[in-house]
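Below: the structure, in structure tokens.
The structure presented is a predicted model; accordingly, all values stated were derived computationally and were not measured.
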Amino acid sequence: MNPQGSRPSAQTHGSSQDASPPGGAFSLRLVAWEVTRTCNLSCIHCRAAAVDKPYENELTTEECRRILDDIASFAKPIIILTGGEPLLRPDIFELASYGNSLGLRMTMAPNGTLVTREAARKMVEVGIQRISISIDGATAQSHDAFRRVPGAFEGAMRGIRNSREAGLPFQINTTITAQNIHELESIQKLAVDLGAAAHHIFLLVPTGRGKNLEEQAINAEQYEKTLHWFYEQRDQVPLQLKATCAPHYYRILRQRARRDGRRVDMATFGLDAMTRGCLGGTGFCFVSHVGQVQPCGYLEVDCGNVREQSFREIWEASPVFLKLRDYKALEGKCGRCEYVRVCGGCRARAFEATGNYMAEEPLCLYQPRGASPGGP
């Protein structure tokens, strides 16, 4: 989730070198924080395979406050309070308020079913800037089949209505599989009709329960076609559009912009920042419910634990992060690609396919021109 911010966009041309982040080569922009793994749903694609039960050894309130202090001491990223279901954590509003007081941009990713009127008002009060609610089917039948809980769709719709009434901006997230790809256009229309600020699409990464969905993963040709369709929606719908776990989109943005003679609007600081494809370990990281830091939630590679090291030390010195920041170390065609700086391939998909997170992206049709890393 990249909720919208108020900072201006930076306009750039379609070069593969236009993703250099401001304020340093690898500024921390986003932290997805699994504040709890407990969840009231049982989604078929869940990377955490979360269930509705208590999980042992979750970070305490004091530990969470210390992590927020550490992050705020050197960066002001977007913090995504996620789960599991973040609203099932008793101190969630305290944590959101504390992060907001430190100048961090606090957002939340609930599933919508627990977003009551009171919860929506409280989120506004404690400074939540936007929430994301996942809608993976255009109807109750298809969404509930994805979520594996009857009534999940109506619960999400109710949560969206409550958010809208409270003046809490929300976006719709959609994980695309072979099961729902034919509904994508209808889901986007639903997002418009509901008054969403944005629609973010996610390409399935087969981790957690998602490993059981490998036959539902779309192939490389469908992937490419879907991302071209998504690009074409930029002028068709009043939504901010962002593709996640789909780094190829940033190549396509530049290819299409160059072909169409257009400029690419790239918001470098905003909560809908369009900067680079795979940000794992370079501008983004994930913190688990027990304090393990990873490049992202889908790439389960241990980079350190905030109970043993400071968050800053992990971010700045983890050998995994340092390797991910060396684009020349990428292997296969990703390492040769002229779009390496704006795409980079999905490191989690590479890891699941090969056991090597520096291997080439397995779902990419593009054949590099053979330029050395750094740009065409």
Side-chain angles (χ1 to χ4, degrees), residues 17 19-34 37 47-48 57 59 63-64 66-80 82 205-208 244-245 247 250 273 275-337 339-362 364 372-374:
Q17 299 190 69
S20 299
F26 298 104
S27 302
L28 179 65
R29 300 178 193 150
L30 287 162
V31 178
W33 188 353
E34 181 189 58
R37 187 160 281 194
R47 54 138 199 99
N57 204 31
L59 294 165
E63 286 175 318
C64 291
R66 189 168 64 247
I67 294 166
L68 290 168
D69 285 334
D70 192 9
I71 293 172
S73 72
F74 76 99
K76 292 294 185 285
I78 301 158
I79 306 291
I80 308 167
T82 183
V205 180
T207 60
T244 300
C245 301
Y250 297 83
T275 53
R276 183 176 185 266
C278 183
L279 287 173
T282 65
F284 168 85
C285 70
F286 172 89
V287 181
S288 81
H289 65 301
V290 294
Q292 178 173 304
V293 180
Q294 304 170 188
C296 76
Y298 299 109
L299 181 50
E300 294 187 10
V301 176
D302 188 357
C303 301
N305 194 292
V306 291
R307 283 173 162 157
E308 301 166 1
Q309 300 171 266
S310 73
F311 180 93
R312 182 172 188 172
E313 181 182 359
I314 295 169
W315 175 254
E316 294 182 347
S318 161
V320 176
F321 287 168
L322 294 179
K323 189 171 185 180
L324 287 167
R325 294 166 191 171
D326 181 5
Y327 302 148
K328 293 181 180 179
L330 288 172
E331 300 174 14
K333 66 180 182 181
C334 284
R336 301 189 306 271
C337 186
Y339 290 98
V340 65
R341 291 187 179 275
V342 297
C343 172
C346 176
R347 298 298 97 219
R349 254 194 304 272
F351 185 71
E352 287 301 317
T354 69
N356 174 10
Y357 57 80
M358 300 301 284
E360 69 179 41
E361 157 74 58
C364 181
S372 60

Nearest heavy-atom pair of Gly277 and Tyr250: which atoms, and what distance?
CA-CD1, 3.4 Å

After noting the C-alpha distance and the side-chain angles of Tyr327 and Thr282, does the key distance pass the side-chain contact (heavy atoms from CB on, under 4.5 Å) rule?
CA-CA 10 Å; Tyr327 302 148; Thr282 65; 4.2 Å; yes

Does some side-chain heavy atom of Pro247 sit less than 4.5 Å from a side-chain heavy atom of Tyr339?
no

Taking atom CD1 of Ile71 and atom OG of Ser310, what is their separation to the nearest 0.5 Å?
10.5 Å

Side-chain heavy-atom pair Val293, Ser318 within 4.5 angstrom cut-off
no

Sequence neighbours left out, what passes side-chain contact (heavy atoms from CB on, under 4.5 Å) with Asp302? Give chain and number order.
Gln292

Could you go through Arg307 and Leu59, starting from their C-alpha distance and side-chain angles, then the distance that decides it, and tell me whether this counts as side-chain contact (heavy atoms from CB on, under 4.5 Å)?
CA-CA 9 Å; Arg307 283 173 162 157; Leu59 294 165; 3.6 Å; yes

Correct closest heavy-atom pair for Ile79 and Trp33 would be CG2-CE3, 4.3 Å

Could you give all pairs that pass the salt bridge (charged side-chain N to carboxylate O under 4.0 Å, His left out) test and reach residues 312-321, with sequence neighbours left out?
Arg312-Glu316

Lys323 (side chain) donor-acceptor with Met358 (main chain) under 3.5 angstrom
no

Give a yes or no answer on whether the side chain of Arg276 reaches the backbone of Arg341 with a donor-acceptor pair at less than 3.5 Å.
yes

Rounded distance [0.5 Å steps], CG in Asp69 versus CZ in Phe311
13.0 Å

Please identify each residue that fulfils ring pair (Phe, Tyr, Trp, His ring centres under 6.0 Å) with Phe321, with sequence neighbours left out.
Trp315

Has the side chain of Arg349 got a donor or acceptor atom that lies under 3.5 Å from a matching backbone atom of Cys245?
yes

Using the six-membered ring wherever Trp is involved, compare the ring planes of Phe351 and Tyr357 and label them parallel, tilted or perpendicular (cut-offs 30° and 60°).
tilted

Taking all non-hydrogen atoms of both residues into account, name the closest pair between Leu28 and Phe74 and its distance.
CD2-CZ, 4.0 Å

Got a second to check how far Glu361's CD is from Cys343's SG, nearest 0.5 Å?
7.0 Å

For Asn305, the side chain to side chain donor-acceptor pair (under 3.5 Å) test, sequence neighbours excluded, returns none

For Arg347 and Leu330, run side-chain contact (heavy atoms from CB on, under 4.5 Å): C-alpha distance rounded to whole Å, both residues' side-chain angles, the deciding distance at 0.1 Å, then the answer.
CA-CA 10 Å; Arg347 298 298 97 219; Leu330 288 172; 3.6 Å; yes

Report the distance from atom CD of Glu331 to atom CG of Asn356, rounding to the nearest 0.5 Å.
4.5 Å

Considering all heavy atoms of both residues, which atom of Ala348 and which atom of Val205 are nearest to each other, and what is their separation?
CB-CG1, 3.8 Å

Taking only residues two or more places apart in sequence or in another chain, which ones pass side chain to side chain donor-acceptor pair (under 3.5 Å) with Asp326?
none

Could you pull out the closest heavy-atom pair between Gln294 and Glu300, with the gap in Å?
NE2-CA, 3.7 Å

Distance in Å, Phe286 CZ paired with Cys303 SG, rounded so as to fall on 0.5 Å steps:
11.5 Å

Working to the nearest 0.5 Å, report the span between CD of Glu308 and CD1 of Ile314.
8.0 Å

Expected output: side-chain Glu34 to main-chain His289 donor-acceptor under 3.5 Å:
yes

Hits for side-chain contact (heavy atoms from CB on, under 4.5 Å) against Lys76, two or more places apart or cross-chain, chain-then-number order -> Ala72, Leu104

Any idea which heavy atoms bring Ala317 and Leu322 closest together, and the distance?
O-CD1, 3.8 Å

